[in-house]
Structures are given as structure tokens and as C-alpha cells.
There are 4 protein chains.
Amino acid sequence: MPSRTPSAPRAGRPRSAAADAAILEATRAALVELGWSKLTLGDVASRAGVAKTTLYRRWAGKNELVVDAVAVLFDELELPDRGSLAADIEGVVLQFAALLDRPEAKTALMAVVAESTRDEPLRERIRTSIVERQKRLVLEGRSRAQARGELPLEQDPAAAARTADLIFDVVAGAVVHRTLVSAEPVDEEWATRFTRLLIGGLAGD
Amino acid sequence: MPSRTPSAPRAGRPRSAAADAAILEATRAALVELGWSKLTLGDVASRAGVAKTTLYRRWAGKNELVVDAVAVLFDELELPDRGSLAADIEGVVLQFAALLDRPEAKTALMAVVAESTRDEPLRERIRTSIVERQKRLVLEGRSRAQARGELPLEQDPAAAARTADLIFDVVAGAVVHRTLVSAEPVDEEWATRFTRLLIGGLAGD
Amino acid sequence: MPSRTPSAPRAGRPRSAAADAAILEATRAALVELGWSKLTLGDVASRAGVAKTTLYRRWAGKNELVVDAVAVLFDELELPDRGSLAADIEGVVLQFAALLDRPEAKTALMAVVAESTRDEPLRERIRTSIVERQKRLVLEGRSRAQARGELPLEQDPAAAARTADLIFDVVAGAVVHRTLVSAEPVDEEWATRFTRLLIGGLAGD
Amino acid sequence: MPSRTPSAPRAGRPRSAAADAAILEATRAALVELGWSKLTLGDVASRAGVAKTTLYRRWAGKNELVVDAVAVLFDELELPDRGSLAADIEGVVLQFAALLDRPEAKTALMAVVAESTRDEPLRERIRTSIVERQKRLVLEGRSRAQARGELPLEQDPAAAARTADLIFDVVAGAVVHRTLVSAEPVDEEWATRFTRLLIGGLAGD
DNA sequence: CCGTAAGCGAGACGGTACGTCCCGTCTTGAA
DNA sequence: TTCAAGACGGGACGTACCGTCTCGCTTACGG
């Protein structure tokens with residue numbers, strides 16, 4: 001993910017790929033140990049056995065580095081078919097919750113989101129590196145439920161997109177809020193109650 | 001909100017209440033202008049016409065100060081009776097969204113929540129200063145809906161509390177996520193769609 | 001020694017004499033413990049069981065306070081008649097050296113002298129409180145030596161004063177320099193050699 | 001004079017020699033303008049166009065810095081052969097007095113000596129940087145006088161060293177005391193009278 | 001014998017400087 | 001051209017004292 005114009009012929013010594021990996025790994029370790037606010041790039045560099053210059057050659061700053069370091073965690077997210085819409089929702093909720101429970105994610109995610117409120121390029125980076133990785137699960141889950149006949153097929157593609165976004169904000173928002181703001185665990189019991197609410201609504205049975 | 005045992009006789013010159021107010025006001029102004037990460041306590045102090053020591057005598061650091069500075073914004077939240085559950089939910093969503101749109105809140109809220117993942121006293125402070133102020137709206141809205149007959153009376157008070165917490169996480173989480181992560185506006189149209197989803201569920205009508 | 005226009009009628013509560021004494025005593029104790037540069041007026045005040053205001057009402061600052069605190073040590077200096085000029089010189093040298101060996105004097109004297117290079121009132125205060133107390137010993141020693149016939153009577157009083165000043169600078173300067181700059185002890189052996197040099201000169205037998 | 005083991009191979013960017021010189025020069029300028037007690041390292045750094053960290057990387061604090069800044073002044077001291085012991089003494093006295101008259105020396109010397117009473121490493125630094133530079137003049141003057149036959153050759157080298165130390169304390173002490181404590185000028189007239197006293201003694205002709 | 005004016009301990013106040021930490025850039029010499 | 005090393009100018013940190021200013025209370029004197 002580090003920068004560099006994609007297709008340049010390049011001269012001189014090539015950049016070390018090992019350094020990249022070491023830096024991202026060191027960043028996650030430092031996040032776990034120190035948390036976002038006490039993480040320093042000098043410390044990351046020395047953990048990675050790398051000079052600060054090497055680090056700055058690849059990332060613009062702490063925010064960008066941390067987004068990249070944390071983004072890989074979101075690659076693990078999958079949506080195995082559990083047979084029903086309710087089970088799929090519960091599954092994704094628990095999976096996301098498990099990810100949010102990892103200390104490097106917990107401390108970093110809200111911090112970079114906070115920074116992104118005043119930094120458009122960072123927001124974009126977060127969107128492509130993290131948010132989209134989550135959102136595809138929603139889309140996948142919906143089409144699967146439609147295939148099962150649990151949800152109606154939407155005709156209007158724009159309306160379909162709006163609804164997917166809404167559901168995504170509701171699911172991800174609820175899990176994040178429960179975990180970080182309310183600081184309560186997202187366990188199976190909560191996931192079940194949340195799923196029932198989401199499917200049936202307040203007025204539900 | 002600054003510390004100090006509430007009712008001690010106290011010797012010596014008393015602390016200036018004017019200083020407290022000036023500091024909190026200056027903090028909000030600095031948040032708007034600079035955002036969370038570039039806000040410095042030295043700058044806040046000089047904006048407030050106050051010495052840094054005065055500031056540190058009252059607050060332990062940036063996090064605590066910002067929580068107090070932002071907390072007052074949440075006092076404005078109210079839940080006027082709009083006649084129906086759906087209207088009440090829409091109202092609270094829009095109200096909360098309007099608050100989150102204020103730059104001092106937007107930049108500060110997620111940042112202090114991020115910090116609080118590694119700082120239990122801070123989490124507590126956030127809970128009492130901010131979260132509880134929001135949660136009472138949920139409770140109020142529910143009892144009003146129950147009085148209207150829109151929602152059934154819960155027998156078990158523990159279950160009632162759990163449900164209220166769940167709804168709170170869903171509502172607040174969705175609004176926050178839409179605003180800060182998806183970075184899309186929470187307008188009337190979104191509020192309507194969200195409300196319909198919350199009341200009727202995915203499977204709704 | 002603290003200030004206050006000498007003969008005012010005065011109204012209100014009179015100043016506590018005990019406080020004065022406690023402050024000076026606390027100052028000496030703090031000098032011994034902390035040395036000049038780490039001595040703070042706040043610390044002196046709390047050692048003396050006195051408020052800072054009380055201290056500032058009497059002394060303008062650290063320099064003035066320390067001069068007064070140390071000055072009393074110089075009251076002890078005397079010149080008992082030891083029977084000869086040489087013995088008297090040795091006596092005064094050893095006495096002055098003993099005083100300079102006290103930690104409160106050692107750490108304070110050069111410091112206030114250093115400050116006085118840029119503070120005329122302080123220099124005057126040092127002169128009257130400390131220097132004159134030493135100089136009278138030179139005058140007394142000389143007149144005694146003249147009475148014994150060891151030194152000739154000077155006719156010109158101006159020349160006599162100049163010579164006394166010269167001798168004072170030589171004696172006091174040598175002892176101070178030996179003690180503080182060379183950091184070597186002024187013992188009897190050194191005092192003897194110094195005295196022989198002073199009386200007989202470099203060319204002396 | 002700043003620290004750092006003299007001959008190490010060293011990796012990384014070397015320290016700037018220009019910064020060293022600029023800092024020492026700025027220190028002398030600040031001493032002249034502000035005096036010892038109002039000199040701040042932050043001010044020195046900004047006068048030198050240097051960051052505070054650069055300064056602290058080289059010197060442990062104000063004392064060490066000032067000793068180094070002032071030490072170079074003592075390199076100027078020389079003892080041209082003026083043909084006789086008396087003339088040589090007068091020469092060195094006047095030279096030393098001229099140096100002490102420079103405001104950067106006057107304000108700084110006593111201050112660091114005062115500090116050195118509680119700081120052995122500082123005392124050592126003063127000794128090697130300043131005191132030894134002066135003492136060699138005494139040794140040179142003596143051997144010259146012995147060559148002229150004005151002073152006897154000492155047989156015992158230990159006794160010779162003791163005598164040289166004594167003379168050094170007397171000469172330097174007298175000049176310092178006259179200048180800083182008595183705050184009177186060391187002019188030719190005083191130098192002449194001092195020299196006559198030193199050579200001939202009190203009992204002298 | 002009582003009011004009033006100053007002194008008192010306490011401690012908050014606006015400041016200044018401290019010495020440290022980290023930033024992001026730069027300058028080395030080696031690879 | 002990159003790399004590890006580390007010095008650089010800069011800015012903020014949180015602390016320590018400064019000397020001043022309220023506080024509410026003694027404490028002596030003079031009317």
C-alpha cells in the first residue's frame with residue numbers, strides 16, 4: 001500500500017520489501033503495547049530495525065501508516081453461508097466484534113476516524129482500505145438472502161445501494177458503539193437480540 | 001466539572017469560576033479552529049487568558065478537558081413529544097446528527113472515545129458526562145411510546161434495561177457511523193428510512 | 001535587617017519578630033541542604049512555617065534574604081591579641097577560613113557577590129553587612145602592630161586607608177581563592193606560609 | 001570542549017562544528033547583555049540560531065556551557081618578558097584585571113565558582129579550563145625570575161609547587177577580591193602597590 | 001472595649017524557563 | 001538510489017518557582 005508512482009522504470013537500489021513488512025508488523029505490535037496516542041514513528045522504526053527515513057519514504061505520517069497496518073486485519077472478514085439471513089447476520093456481527101476486540105484495532109480505528117474528520121485523503125484511504133472491505137459483506141449477505149427468498153429483489157439499483165448503505169451503518173455502527181462507547185461485550189446473546197431487532201423491528205412479534 | 005472535593009471549607013484564595021468558563025469556551029473555539037490533534041493546552045490557556053498552571057490545576061490533560069468542554073453540548077438534547085414513536089425517533093436522530101455536525105463535536109468525540117480504550121477513568125468520565133445524557137432520551141421515548149400503546153410494557157426490568165441499551169447502541173451507533181465513517185449526511189430522508197427500518201425491521205411490511 | 005522605614009508610628013498588627021528569626025534560620029538550613037541555586041523562597045517559607053507573603057513583605061528577593069541570613073555569621077569574627085603581628089595574621093586567616101568552610105557560607109558568598117556585579121544596591125548591602133565586618137579586623141590588627149612597633153605609623157591618612165584596603169584584598173582574596181577556586185584547605189601550615197610571605201615578601205629571607 | 005569521546009569512528013550525521021561556535025559566541029553575548037542569572041538556555045539557543053536540543057546534546061546545563069564560553073578568554077593571557085620580576089607581576093596583574101573587567105567574565109566567573117562548591121565535576125572543569133591556564137603564568141614568571149637571579153632556585157620540587165600555588169592564590173585572589181568584592185578598579189597605581197607589597201612584604205623597606 | 005488597620009497562613013493567579021520528547025528533514029558513509 | 005545512523009531546527013509537553021493577589025482569620029493599638 002505504500003506510495004510510489006505505479007509504473008516507473010526506476011534506477012538505483014530498489015526498496016526493500018522486507019522493510020515494508022517489518023514496519024507494518026512493528027506498527028501493530030506498538031499499537032498493542034502503547035496504544036494509538038503513545039505510538040511514535042521513531043519507536044516503530046527502531047522496532048522494525050529500520051531508519052526513520054525509510055519509513056517516511058513510504059508513508060506520509062502516523063495516520064497513513066496505521067491505516068495500512070490495521071487494514072490487513074479486515075481481509076480476514078468472510079461471510080460463510082450459515083443457512084439463513086438471521087444466522088448470517090449473527091455471524092458477521094460476531095466476526096466484526098472479534099476483530100474490534102483485538103487491541104490494535106480497538107485503539108487505532110476510532111483514532112484514525114477521528115483524524116479523518118479533518119483530512120479528506122485520509123478519509124478516502126480509510127474508505128478504500130477498510131470500509132469497503134466490510135461493506136461487501138453486507139452486499140453478499142443480501143444477495144444470498146434474496147436467493148433464499150428471505151428478502152425481496154430490489155428493482156431500483158439506486159434504492160438498493162441506499163438500503164445497503166443504511167444497513168451497513170446500522171450494523172457496523174451498533175457493533176462499534178457497543179464495543180467502544182458503551183464498552184460492553186458483543187457476545188452471542190447480544191448478537192441474537194440485535195439480529196432479531198434488525199430483522200423484526202421494534203414492532204416485531 | 002473540574003475536580004476538587006465538592007464541599008470542603010477550604011483555606012486560601014478560591015479558584016476562579018470565571019477561569020473555568022473561559023477555559024472551556026476557549027477549548028471549544030480551539031477545537032473548531034484546529035481540530036483535536038492540533039489543539040494544544042498552551043494555546044487553549046493563552047486563548048482563555050489564563051496560565052497553563054491554572055489549566056493543569058483543574059484538568060489532568062487534554063482528554064479530560066475536551067470531554068468537559070464538549071459535554072455541555074449534550075445538555076441541549078431534548079425529546080419534544082412529536083405525537084408518535086416514529087416521529088420521536090426521527091426527531092432524536094436529527095437532533096443528534098445536528099450536534100455531531102458541529103465541528104467541535106465531530107473532531108473531538110471519536111478522539112476521546114479512541115483514547116478511552118486505554119484509559120478507564122476517562123471512559124467513566126465520558127459515560128457520565130456524555131453517554132448518560134443521550135441514553136435518557138431513549139428511556140423517555142420508550143415510556144412515551146408505551147403510554148401511547150405503541151410499544152408493549154416490559155415486565156422484567158433487567159430485560160427492559162438490556163433492550164434500552166441495545167436500542168441506544170443501534171441509534172447512536174448508526175448516526176455516528178453514517179456521519180463519521182461513511183461521511184454522508186444524516187438528513188430527513190435518511191432519518192425516515194432509518195426509522196422505518198428500526199420500527200419495522202428488514203422484514204418489515 | 002529587614003526593611004521598613006525606621007521610625008513610623010504604625011497602626012495595625014505589628015510584624016512578628018519570631019517570623020524574622022525563623023526565616024533567617026530556615027534560610028541557613030536550606031542553604032546547607034540545597035545550596036544557593038536550588039534554594040527557593042517557597043521552600044524557605046514552608047520550612048519557617050510562614051507564608052510566602054510574610055517573607056516578601058520583609059525582603060525583596062533571594063539575594064537580600066541570603067545576605068542577611070549569612071551576615072550574622074560574620075559577627076563571630078574577632079581578633080584576640082596573640083602577641084605579634086604574625087600570630088595575629090595567622091589567627092585572622094584561620095578564623096576566616098573556618099567561617100568559609102561552613103557550607104552555608106561557602107555556597108552563598110560567591111553567589112551573592114556574583115549577583116552583585118549587576119546590582120548596585122545588593123553590592124552596598126554586602127559591603128555594609130559583610131565586608132565592613134571583616135575589614136575592621138585589618139584596621140585593628142594594624143593599629144595593634146603599630147602599638148607594638150612592628151609597623152611604622154602612617155602619616156597620611158589617605159595612604160593609610162589605601163594600604164589597609166590593599167592588605168584586606170590580599171588577605172581575604174587569598175583565603176577565598178584558596179578555599180573556593182583552588183578548593184584546597186586553609187590549614188595552619190598554609191596560614192604560616194601565607195603569613196611569612198605577607199610579612200617578608202617574595203624577596204624575604 | 002563539549003563532550004563526546006574524542007576519536008570514535010561514528011555513524012550518522014556528524015555534529016556541526018559551526019553550531020558549537022555559534023552557541024559559545026551567543027553565550028558570551030547573552031552574558032554581556034543579561035548577566036549570569038538572567039541568561040537562559042532557550043535564549044542562547046535562539047541567539048545562536050540553534051534548537052535547544054542541539055545545545056543540550058553538547059552541554060549538561062548552564063554551568064558547563066558558561067565555563068566553556070568563558071574559558072577561551074583565558075587563552076589570551078600571556079606573560080611577555082618585561083625585564084624584571086616586578087614588571088612581570090605588574091603585567092600579569094593588569095592583564096588579569098583587564099580580563100575580569102569584561103562583563104561576560106565578571107558576571108560569570110564568580111557564579112560558576114559558587115556553583116562549583118556543590119558540584120565536583122564542575123569544579124574539575126573549571127580547574128582544567130580556566131585555573132590551569134592562569135597558573136602557568138605564575139610558573140613561567142618564576143622561572144624567568146630565577147633565570148634573572150631575582151629569586152633563588154628551589155631544590156625541593158614539592159615545596160616549589162606549594163609556593164607557586166600560594167603565590168597564585170595570593171595574586172589571583174587579590175585581583176578578584178579587589179574587582180568583585182571591593183568593587184574598586186585595579187589600575188596601574190594599585191598594581192604597583194600590590195607588587196611592592198608582594199615582593200617586599202609588609203615589613204619591606 | 002471596640003473598631004480598624006495591618007499582619008498572618010493558605011493557596012490560586014499570570015507568567016517564564018525548564019529539560020525532555022517527538023516531529024519530519026538533513027547529512028553522513030557504506031552497500 | 002537506498003539504507004542505518006544520528007544530528008538538525010522546531011514545537012509542545014508537564015513541572016517548578018516566581019512574585020502578586022485574594023481569601024478569612026488574628027492581633028494590637030488608639031479613640
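Chain letters run A, B, ... following the sequence lines, proteins first and then strands; every chain starts at 1. Because the structure is predicted, anything quoted here is derived from the model rather than measured.
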Separation of E:dC21 C1' from A:K38 NZ (nearest whole Å): 13 Å
May I have the distance from A:N63 (atom CG) to E:dC23 (atom C1'), rounded to whole angstrom? 13 Å
May I ask you to decide whether D:D20 forms a salt bridge with D:R58, counting only side-chain N to carboxylate O separations under 4.0 Å? yes
Can you identify which nucleotide, out of F:dC3, F:dA7, F:dG9, has its nearest atom closest to the A:T54 side chain? F:dC3
Using the side-chain heavy atoms of C:R13, tell me which of these nucleotides is nearest: F:dG14, E:dC18, E:dC8. E:dC8
Rounding to an integer number of Å, can you tell me how far D:R47 CZ sits from F:dG9 P? 17 Å
So if I take every side-chain heavy atom of D:R15 and compare against F:dT22, F:dC8, F:dC18, which nucleotide ends up nearest? F:dC8
Looking only at heavy atoms, what is the nearest atom pair of B:V32 and B:E104, with distance? CG2-OE1, 3.4 Å
Of the candidate nucleotides E:dG11, F:dC8, F:dA4, which contains the atom at the shortest distance from the side chain of A:A51? F:dA4
On DNA chain F, nearest-nucleotide positions of A:A17 versus B:L41: which is more 5'? A:A17
Measure from the side chain of C:T53, starting at C-beta and using heavy atoms only, and say which of E:dA10, E:dC22, E:dC13 lies closest. E:dA10
Between C1' on E:dG19 and CG on D:D43, what's the gap in Å once rounded to a whole number? 16 Å
The residue, B:G61 or D:V50, whose nearest nucleotide of DNA chain F is more 5′ is D:V50
From CG of D:L39 across to P of E:dT16 the rounded distance in Å is 17 Å
Please pick, from E:dC13, E:dC22, F:dA7, the nucleotide with the shortest atom-to-atom distance to any side-chain atom of A:T40. E:dC22
Would you mind reporting whether D:L31 and D:R102 have side-chain heavy atoms less than 4.5 Å apart? no
Separation of E:dG19 atom C1' from B:K52 atom NZ, nearest Å, is 12 Å
Taking the minimum atom-to-atom distance to the side chain of D:Y56, which one of E:dC18, F:dC3, E:dG9 wins? E:dC18
Using a strict cut-off of less than 4.0 Å between a Lys/Arg side-chain nitrogen and an Asp/Glu carboxylate oxygen, indicate whether B:D43 and B:R47 qualify as a salt bridge. yes
What is the distance, rounded to the nearest whole Å, between atom CG of C:L65 and atom C1' of F:dC18? 15 Å
Taken to the nearest 0.5 Å, the spacing of A:T117 OG1 from B:W36 CH2 works out to 11.5 Å
Rounded to whole angstroms, how far apart are CZ on D:R57 and P on E:dC22? 14 Å
